Amino acid sequence: MEEGVVNEILQGPLRDLFDSTQFITDVSGSGNNWAVGHKLYGCQYREQIVEKLRRVAEQCDCLQCFFVIHSMGGGTGSGLGTFVLNVLEDEFPEVYRFVTSVYPSAEDDVITSPYNSVLAMRELTEHADCVLPIENQSLVDIVNKIHHMANSGKLGAVKPNSLVTSNKGGMKEGEKPFDAMNNIVANLLLNLTSSARFEGALNMDLNEISMNLVPFPHLHYLTSSLTPLYTLADVNVPTRRLDQMFSDAFNKDHQLIRADPKHSLYLACALMVRGNVHISDLRRNIERSVWNFLLTLI
């Protein structure tokens with residue numbers, strides 16, 4: 001909501017990606033307070049939010065779902081972000097609501113972030129159809145791992161102006177590589193929505209993710225994993241073998257939230273593969289993965 005922050009985006013290199021007529025701003029932000037974003041700004045700007053949502057929805061030939069991307073630690077992301085979910089449920093009850101929520105790390109400098117996250121979690125549970133939680137600390141760990149591999153020569157040659165490590169191509173001591181962290185999340189969303197943006201015989205509808213992976217209405221928090229963690233646009237490396245990529249997909253080091261599902265139970269699992277891959281190789285790896293899980297359980 002902070003006007004100064006939005007103006008920086010409009011004057012930066014990403015200004016052409018956004019429609020300036022769709023921005024909603026105020027003089028100041030929510031002061032890291034969930035209640036200000038949800039109760040104050042939400043009620044104050046509800047009509048503007050609904051109008052801008054309808055304007056965009058009317059331009060769609062086939063409206064599949066809404067994507068809400070927000071942070072959980074701040075006041076605007078957690079408060080106004082979850083308020084938008086309520087609005088979407090009221091105005092477009094038949095359209096699925098996908099949410100990508102970025103959770104704060106233990107070293108977060110916002111003292112109210114735990115409270116904001118807890119209050120926002122209740123709204124996510126009630127009003128979202130599918131949530132992809134992403135943890136800041138997991139992103140930092142992944143970037144540090146890639147940085148270590150690049151320095152040790154295991155990763156191959158990192159291309160100039162790459163977002164693998166940071167916006168400067170390297171990472172100083174104590175520096176948080178925000179560009180590299182954002183790049184990982186962007187790759188996840190690009191892979192997730194690729195079937196809606198490109199033609200293909202085996203493409204799936206985005207709503208099938210929620211239909212097949214959410215067993216009960218409130219049990220809709222998914223653990224997302226990504227492999228490889230970098231793109232070929234960033235690193236000069238040969239394409240990885242499919243067998244290794246399947247193993248990495250179930251490795252906790254490739255997850256965007258710090259959890260280990262192998263210590264619990266998989267209720268459902270989906271593997272989305274992009275590229276030139278044979279169906280026979282996919283089936284072989286799926287069978288191999290199932291046998292590995294059975295052996296682990298035994």
Side-chain angles (χ1 to χ4, degrees), residues 1-60 66-88 91 97-105 107-113 115-117 119-120 123 134 136 139-140 143 161-163 165-172 174-190 193:
M1 292 298 293
E2 195 168 344
E3 190 175 17
V5 177
V6 175
N7 287 336
E8 287 183 16
I9 296 175
L10 291 176
Q11 296 171 6
L14 301 179
R15 60 183 178 274
D16 295 332
L17 291 178
F18 301 98
D19 182 359
S20 59
T21 62
Q22 289 295 103
F23 280 91
I24 297 177
T25 59
D26 202 283
V27 177
S28 62
S30 302
N32 296 322
N33 189 322
W34 178 88
V36 173
H38 195 86
K39 301 297 184 181
L40 180 62
Y41 282 150
C43 297
Q44 184 177 345
Y45 289 96
R46 178 186 170 88
E47 291 185 6
Q48 289 189 41
I49 293 172
V50 171
E51 177 60 28
K52 292 182 183 296
L53 285 171
R54 284 178 176 168
R55 185 185 303 174
V56 176
E58 288 172 359
Q59 298 176 5
C60 297
F66 288 102
F67 259 105
V68 178
I69 305 172
H70 70 126
S71 67
M72 298 286 281
T76 302
S78 63
L80 189 58
T82 52
F83 180 84
V84 171
L85 271 181
N86 298 353
V87 172
L88 290 173
E91 300 294 330
R97 298 171 295 281
F98 280 80
V99 184
T100 302
S101 305
V102 182
Y103 284 76
S105 63
E107 300 177 356
D108 193 81
D109 55 357
V110 178
I111 195 170
T112 56
S113 61
Y115 304 99
N116 294 333
S117 299
L119 291 167
E123 300 296 321
I134 296 171
N136 265 333
L139 297 178
V140 172
V143 173
N161 301 321
S162 168
L163 291 178
T165 50
S166 78
N167 55 350
K168 300 175 183 177
M171 187 167 62
K172 298 178 181 178
E175 176 192 359
K176 289 187 176 179
F178 294 115
D179 282 351
M181 294 162 65
N182 289 336
N183 195 36
I184 294 171
V185 180
N187 283 332
L188 173 70
L189 297 178
L190 287 173
T193 59

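A quick note: this is a predicted structure, and the numbers were derived from the prediction, not measured. Positions are given from 1, in the same order as the sequence printed here.
Between Leu188 and Ile134, some side-chain heavy-atom pair lies under the 4.5 Å cut-off.
Between atom CE of residue Met1 and atom OG1 of residue Thr25 there is a gap of 6.5 Å, rounded to the nearest 0.5 Å. The distance from the CG atom of Asn187 to the CG atom of Asn182 is 11.0 Å, given to the nearest 0.5 Å.
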Scan the side chains in residues 7-17 for donor-acceptor partners under 3.5 Å anywhere in the protein, sequence neighbours excluded, and list what turns up.
| residue | atom | partner | partner atom | Å |
| --- | --- | --- | --- | --- |
| Asn7 | ND2 | Glu3 | O | 3.2 |
| Arg15 | NH1 | Gly12 | O | 2.8 |

Can you give me every donor-acceptor pair (side chain of residues 51-60, partner residue at least two apart or in another chain, under 3.5 Å) with its distance?
| residue | atom | partner | partner atom | Å |
| --- | --- | --- | --- | --- |
| Lys52 | NZ | Thr21 | O | 2.6 |
| Arg54 | NH2 | Glu91 | OE1 | 2.7 |
| Arg55 | NH1 | Gln22 | OE1 | 3.4 |

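Of all non-hydrogen atoms in Val143 and Ala180, the two that sit nearest each other are CG2-CB, 3.8 Å. Glu2 approaches Val27 most closely through the heavy-atom pair CG-O, 4.2 Å. Counting all heavy atoms, side chain and backbone alike, Asp108 lies closest to Ser113 at OD2-OG, 3.4 Å. Closest approach of Thr76 to Ser30, counting heavy atoms only: OG1-OG, 2.8 Å. Summarising the geometry of Asn116 relative to Ser78, their closest heavy-atom pair is CB-OG, 3.5 Å, with the distance given to 0.1 Å.
By the ring pair (Phe, Tyr, Trp, His ring centres under 6.0 Å) test, Phe67 is found to be paired with Phe98, residues two or more places apart in sequence or in another chain being considered. Contacts of Ser20 classified as side-chain hydrogen bond (donor to acceptor under 3.5 Å, both in side chains), with partners at least two apart in sequence or in another chain: none. Judged as a side-chain contact (heavy atoms from CB on, under 4.5 Å), and not counting sequence neighbours, the contacts of Ser117 are Met72, Pro104. By the side-chain contact (heavy atoms from CB on, under 4.5 Å) test, Val99 pairs with Val68, His70, Leu85, Ser101, Leu124, Ala128, Val131, sequence neighbours left out. Scanning for side-chain hydrogen bond (donor to acceptor under 3.5 Å, both in side chains) contacts around Thr193 gives Arg197, with sequence neighbours left out. Residues that satisfy the side-chain contact (heavy atoms from CB on, under 4.5 Å) test with Gln48, not counting sequence neighbours, are Ile24, Tyr45. Listed by chain and number, the residues in a ring pair (Phe, Tyr, Trp, His ring centres under 6.0 Å) with Tyr103 amount to none (sequence neighbours excluded).
In this structure a side-chain-to-backbone donor-acceptor pair under 3.5 Å is missing from Asn183 to Asp179.
Among pairs with a residue in residues 32-42, those fulfilling side-chain hydrogen bond (donor to acceptor under 3.5 Å, both in side chains) read His38-Thr82, at least two apart in sequence or across chains.
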#### Entry: Chi angles and distances behind the side chain to side chain contact (heavy atoms under 4.5 Å, CB included) call for Phe83, Glu123
CA-CA 8 Å; Phe83 180 84; Glu123 300 296 321; over 6 Å; no
